[in-house]
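Excluded from the calculations below are hydrogen atoms, water molecules and symmetry mates; all remaining heavy atoms, backbone and side chain alike, are included.
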Amino acid sequence: MTKYLLKQGTLISATGRQVADLIIDNGKIAKIGSNLTALSAYEINCDGLLILPGMIDTHVHFRDPGLTHKADAATESLAALAGGVTTICDMPNTKPQTTTIPLVKEKQQLYATKCLCDFGIYLGAAKDNLEELKRADEDNTIPAVKIFMAESTGEMTLSEDEYLKPIFAQTRKLLLVHAENEARRLHRIEQFRQGKLKEAMGMAPNDPYLHGIVRDNKVASQGTKHAVELALAAKHRMHVLHVSAREEFPFLRQGLDAGLVTSETCPQYLWFTREDTKVHGLYRIMNPALKGEADRAALWEALQTGLISQVATDHAPHLPEEKDLGYGKGPSGLPGVQFVLPLLLAKAQEGELTLEQVVQLTSFNPAQNFQIENKGQLAEGFDADIAIINPNASAMIHADMVKSKCGWTPYEGVLLNGGLVEKTFVRGELKFNRHSDFKVSMLPGKTITVRL
Ligand code: DOR
Ligand code: ZN
């Protein structure tokens, strides 16, 4: 394997920064220090560049297998690498859905042939697979179990306590919860049909703005309340996915203080509000729905205070022709894996976050929350998963830049003025290079392991 000596980069960790040399050997960070030399290593001058741990995006939908007309593990992992993401964890709403361990293993084998970054494959909860979930407790290649507590892409809804309670009580693996209240969501749809939903009087059933009215703040907060109650009652570790509403915070606080609950938000909830659906229609529709400006502002604050400890993308690519079917017919979800890290760096440039906080949110905390081995830190002995950033390079996001198969991005027109990804290494292999000074490797990634 190629050895690299990264000279004089500014290493950003979760707690500080230092100018240092870094040696990559045999896939690992072999040494960090000053005036290092390494025999037969490729030397890369990193003077003036930032060196970050590669992002760990614990929430993506790469659509592989079965939905590869939208996206596949090869295209989406390339998008990830171009954005400095070195590990992804894929959700179970593929075709087939990964609701058994053999199906997870098959998907792991598939990704081991075509996903260019490292990966984790989640097991999905279903009405009839409790025994399978229990068996997964012993499997350190399965990072977590996903529960869709409300309807979303893929029809995996599991909203009733008769299914949820035994999962919380009888399994031990980290539970990832899509926390929306399905009963309230259904009730509001029914009210709308009967012309009784006050906020939606006179609205057409295909008006995309209706999405945020149906899936309102209370749908989110009641979902999170219920999920946190289940976790506290069973003393079960849980991670709340895609926090979107400020009313979820008291429950997240309660769960965090009990040492049981962590959470993430996604770039779409940090950059957009439901008003954007008036202009962009289905291209701003996802589950949970976008909320108001007060929520958007509160989410930034929650990242700063540490209440929400991760940013993950919920990268959910759909084709434009699917989105163009319109509200009620077209699918929910937005792509995000390629731009999340540069977007956060742009916010750091504006002073909204420190670079150390960006590292906490994108690599250090995901590795801690999910107990991922050997990743998430620039430290000797850790996997050499690294994003090299040029803080002086900038670009306006344009559809031309999109590597994802869907070919579009909701962030078109946003200025990335906090730096661009120059090079991305996964376990010491150079996998993305914005320039042609070094050849990139097309070796596939490997499954991650977690501490049991
Ligand atoms: O908007 C969403 N899209 N939310 C989800 O929960 C699933 C995702 C998808 O898979 O498209
Ligand atoms: Zn998702």
Side-chain angles (χ1 to χ4, degrees), residues 59 91 93 125 146-161 163-164 175-201 203 205-231 238-255 261 263-266 268-270 272-278 282 284-299 302 307-308 312 314 316 327-328 330-334:
H59 189 165
M91 287 295 172
N93 59 340
K146 164 80 180 275
I147 305 176
F148 282 89
M149 275 176 54
E151 184 280 332
S152 198
T153 313
E155 289 158 12
M156 295 189 74
T157 313
L158 204 63
S159 60
E160 303 94 339
D161 273 352
Y163 303 112
L164 296 172
L175 295 174
L176 310 182
V177 179
H178 178 130
E180 287 188 292
N181 186 300
E182 181 67 358
R184 180 177 169 89
R185 185 187 76 85
L186 290 171
H187 177 68
R188 290 175 75 73
I189 290 174
E190 191 47 36
Q191 276 189 314
F192 176 72
R193 287 209 180 108
Q194 295 176 14
K196 292 184 196 152
L197 190 62
K198 271 204 298 307
E199 306 97 300
M201 286 299 178
M203 281 176 69
N206 65 350
D207 185 337
Y209 198 72
L210 189 57
H211 192 65
I213 294 178
V214 168
R215 293 189 185 244
D216 67 350
N217 288 44
K218 255 197 173 157
V219 166
S221 64
Q222 289 186 358
T224 294
K225 176 173 189 280
H226 186 198
V228 170
E229 281 166 3
L230 289 166
M238 176 179 74
H239 180 78
V240 178
L241 301 165
H242 37 49
V243 174
S244 61
R246 63 198 190 285
E247 291 88 344
E248 292 174 81
F249 295 1
F251 309 112
L252 296 176
R253 170 55 62 196
Q254 206 187 350
V261 178
S263 63
E264 73 192 26
T265 188
C266 314
Q268 51 269 37
Y269 306 109
L270 294 164
F272 307 130
T273 69
R274 63 178 159 248
E275 298 311 304
D276 292 290
T277 60
K278 289 184 172 161
L282 222 64
R284 297 294 180 278
I285 296 287
M286 80 262 358
N287 305 320
L290 292 171
K291 306 295 190 299
E293 181 53 34
D295 299 287
R296 198 182 73 86
L299 287 168
L307 174 62
I308 297 175
D314 197 3
Y327 186 58
S332 303
L334 309 182

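Nearest heavy-atom pair, Val177 versus Ala227, reported as atom, atom and distance to 0.1 Å: CG1-CB, 3.9 Å. For the residue pair Val240 and Ala179, the shortest heavy atom distance occurs at CG1-CB, 4.3 Å. For the pair Ile308 and Thr265, the tightest heavy-atom approach, listed with the atom from each and the gap, is CG2-N, 3.6 Å. What you find for Asp295 and Ser244 is that their closest heavy atoms are CB-O, 3.6 Å. Closest approach of Arg274 to Asn217, counting heavy atoms only: NH1-OD1, 3.9 Å. A pairwise comparison of heavy atoms in Ala125 and Ile147 identifies CB-CG1, 3.8 Å as the closest pair.
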_The test is side-chain contact (heavy atoms from CB on, under 4.5 Å); show your working for Leu299 and Phe249 and say whether it passes._
CA-CA 9 Å; Leu299 287 168; Phe249 295 1; 3.9 Å; yes

*Given Val214 and Val219, is the side-chain contact (heavy atoms from CB on, under 4.5 Å) satisfied, shown in steps?*
CA-CA 8 Å; Val214 168; Val219 166; 5.9 Å; no

*asked:* Between Gln268 and Arg296, does the side-chain contact (heavy atoms from CB on, under 4.5 Å) criterion hold? Intermediate values first, please.
replied: CA-CA 9 Å; Gln268 51 269 37; Arg296 198 182 73 86; over 6 Å; no

_Candidate pair Thr273 and Leu290, rule side-chain contact (heavy atoms from CB on, under 4.5 Å), full reasoning_ = CA-CA 5 Å; Thr273 69; Leu290 292 171; 5.5 Å; no

*Would you check, one step at a time, whether the test side chain to side chain donor-acceptor pair (under 3.5 Å) holds for Asp161 with His226?*
CA-CA 10 Å; Asp161 273 352; His226 186 198; 2.8 Å; yes

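Between Glu180 and Lys218, no side-chain nitrogen of the basic residue sits less than 4.0 Å from a carboxylate oxygen of the acidic one, so the salt-bridge criterion is not met.
Between the side chain of Tyr269 and the backbone N or O of Ala289, no donor-acceptor pair lies under 3.5 Å. A donor-acceptor pair is defined here as one N or O able to donate and one able to accept, closer than 3.5 Å; no such pair exists between the side chain of Asn206 and the backbone of Tyr327. Side-chain N or O atoms of Ser332 include none that pairs as donor or acceptor with a backbone N or O of Asn287 at under 3.5 Å.
Between Ile213 and Met203 the shortest side-chain heavy-atom distance falls below 4.5 Å. Counting heavy atoms from C-beta on, the side chains of Glu151 and Leu186 never come closer than 4.5 Å. No side-chain heavy atom of Pro208 sits under 4.5 Å from any side-chain heavy atom of Lys278. Side-chain contact between Leu175 and Lys146: absent, with no pair of heavy atoms (C-beta onward) separated by less than 4.5 Å. The closest side-chain heavy-atom distance from Leu210 to Arg215 is not below 4.5 Å. Contact check for Thr277 versus Ile285: side-chain heavy atoms found under the 4.5 Å cut-off. The shortest distance between side-chain heavy atoms of Met149 and Leu164 falls below 4.5 Å.
To the nearest 0.5 Å, atoms CG (Asn181) and OG (Ser221) are separated by 8.5 Å. Taken to the nearest 0.5 Å, the CG atom of Leu241 stands 11.0 Å off from the OG atom of Ser152. In this structure, NE2 on His178 lies 10.5 Å from CE on Met91, to the nearest 0.5 angstrom. With values rounded to the nearest 0.5 angstrom, Arg284 atom CZ is found 13.5 Å from Glu275 atom CD. Atom OG of residue Ser263 and atom CG of residue Leu307 lie 5.5 Å apart, to the nearest 0.5 angstrom.
Just one residue in the list Arg184, Lys291, His211 forms a side-chain hydrogen bond (donor to acceptor under 3.5 Å, both in side chains) with Asp216, and that residue is Arg184. Evaluated for a side-chain contact (heavy atoms from CB on, under 4.5 Å) with Ile189, the options Gln191, Arg193, His187 yield exactly one hit, Arg193.
For Lys196 and Phe192, the positive end is not near the middle of the six-membered ring at less than 6.0 Å and at most 45° from its axis.
Relative orientation of the His59 and His242 rings is tilted, given thresholds of 30° and 60° on the angle between their planes.
Residue Gln194 places its CD atom among more than 12 non-hydrogen atoms of other residues, nucleotides or ligands, all under 6.0 Å distant.
For the residue pair Glu248 and Thr224, a side-chain donor N or O sits within less than 3.5 Å of a side-chain acceptor on the partner.
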